[in-house]
There are 2 protein chains.
Amino acid sequence: MGIAAAEPLPRGLSPQDTLRSRKQAATRLAIRRAAIELGLAHGYDSVTVDMICNASGVSARTFFNYFGSKEGAYTSPRKPLPGDAALTAFIAGGSSGVLTGLFDLIAGTFVEAESSLELFQARHRLIQQTPELLGREKERISETEEIFVGYVMERFHHDGRTVRDTPDLADEARMLVALVSGALRFALQKWAAGNFSDDRAHLVESASALIKRITGNEHWP
Amino acid sequence: MGIAAAEPLPRGLSPQDTLRSRKQAATRLAIRRAAIELGLAHGYDSVTVDMICNASGVSARTFFNYFGSKEGAYTSPRKPLPGDAALTAFIAGGSSGVLTGLFDLIAGTFVEAESSLELFQARHRLIQQTPELLGREKERISETEEIFVGYVMERFHHDGRTVRDTPDLADEARMLVALVSGALRFALQKWAAGNFSDDRAHLVESASALIKRITGNEHWP
DNA sequence: TGCATATTTGCAGGAACTGCAATTATTGTT
DNA sequence: AACAATAATTGCAGTTCCTGCAAATATGCA
């Protein structure tokens, strides 16, 4: 599954590269493109599933096989989870902070395995215009929180922290993930509003600077 | 509208206390009760609007007049906004921090003008069991973010801060609201999981302590 | 008491969605 | 190359949610 595709492999060695899977990917993309274009042209609420199907050449039943719901054609294609290398680096930590590292880790999942940056940008343009989709997209950040809490706990353990030393370590991990999720909601929205002109490092850096300022200024009780 | 109702007023002085408004309140409550009881008995997905209408004795058209959607019978009854006194206190600030004060301000809006604590708890029990409702409830925190950004800007101005001194003051306010929203998502879920046993002051205090610890431990870039 | 206004209800229809099974396309084996 | 197995697509009927419209009913006011 992690096989580099720099060179075509014999068919038997790559169960993922069949005519079927290629056609599926093309169909999925065609539906998404149609949905997004129609949305930008008419507004999300005016687009019907039938319109999308007509424009992409599939039946409505097939549409729902692919996306489950009308909204599914518009929201992130998969649950944002990090790659192995990024996760390993986060858990190993080093000089980077947990909060900053987690922010970077999750932000990295939003640069999607989307075949087209143009489509990614078009999708997000529509999302910014559509409160309902914006809310759903933000909710997606929350769907994987438990998984990230697990990663943070691994990081804590790697850093030598234990529940014996800090009984509410799990709550700390949860709060950390919640804070980062909150910060990401702001950061990603700003990123989209700036038409994705910032690179990821700058995203992380400016968010961290704001958080540092805010919490540094705080009069803690 | 802020008239204390400790004593019944003559009918003419209280346009809000008519037979109509009382019947509406009763109908709204009956629908909500029916919805929540059915949801706890059968699961949210198995409850139909017809079932709720049969149990509460209204027509489906009336249901949608009241709630707009099936989900609306389950989510928070109104956009959580603070009362005038709480808002004035937040903007005046004093010794409390902005982040902590904002957390407290928003947390206060979640003790709803619900006629029944028991119904509040039942609703939240169902929400915890229903990922879709949980996601929606969490996102409700975001619906009023712009308003809270405005309050934070007022607080900043009260504290003598200006855009001239801090050009990205608005971004700071936004990030602050986003962080607090994130923290609230965790804190409210924990509160509900503990069956609402903590009082608000403890909620604020434990959340603040965690945030302080996390950000104090952080290796900022 | 009668009229104006607000609320509830009934109804038809559109849109999203689901279960089921037939049809079609692709894959694997001989 | 032929055929069987498997996967994907499609057609179809029905349910559910939701909306617009207008008639019926309840309440408020002069």
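The analysis underlying the following values was restricted to heavy atoms, covering all of them including side chains, and did not include hydrogens, waters or symmetry mates. The chains referred to below are lettered A, B, ... by the order of the sequence lines, with proteins before strands, and numbering in each begins at 1.
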Comparing nearest nucleotides in DNA chain C, the 5'-proximal residue of the pair A/E71, A/R20 is A/E71
Looking at B/F186, is its backbone amide N or carbonyl O close enough to the side chain of A/R174 to form a donor-acceptor pair, meaning the two atoms are under 3.5 Å apart? no
Touch check for A/F67, heavy atoms < 4.0 angstrom, all strands: base, sugar-phosphate only, or nothing?
nothing
Any base atoms under 4.0 Å from B/Y66, or only sugar-phosphate, or nothing? Heavy atoms, all strands.
sugar-phosphate
Discussion item. Any carboxylate oxygen within less than 4.0 angstrom of a Lys/Arg side-chain nitrogen, looking at A/R136 and A/E143?
Written reply: no
B/Y151 and B/F148 aromatic ring geometry - parallel, tilted or perpendicular at 30°/60° bounds
perpendicular
Side chains of B/R185 and B/S142, donor plus acceptor under 3.5 Å
yes
**Request:** Please check the phosphate of D/dG28 (OP1 and OP2 only) for any side-chain N or O of B/T18 closer than 4.0 Å.
**Result:** yes
(Q) If the cut-off is 4.0 Å, is A/T62 near the phosphate of D/dT9, judged by side-chain N/O to OP1 or OP2? (A) no
Quick note, A/S59 side chain, CB onward, closest among D/dT10, C/dT7, C/dT9 is D/dT10
Show which side-chain atoms of residues 44-53 of chain B pair as donor or acceptor with protein atoms under 3.5 Å away, not counting sequence neighbours.
residue: B/T48; atom: OG1; partner: B/M51; partner atom: N; Å: 3.1

Whole-Å distance, A/F64 CZ to C/dC17 P, equals 5 Å
Atom CD of B/Q24 and atom C1' of C/dT7 are separated, to the nearest Å, by 7 Å
Expected list for residues 35-56 of chain B near DNA chain C, using heavy atoms below 4.0 Å, is none
Nearest heavy-atom contact between B/S56 and B/A30 is CB-O, 3.7 Å
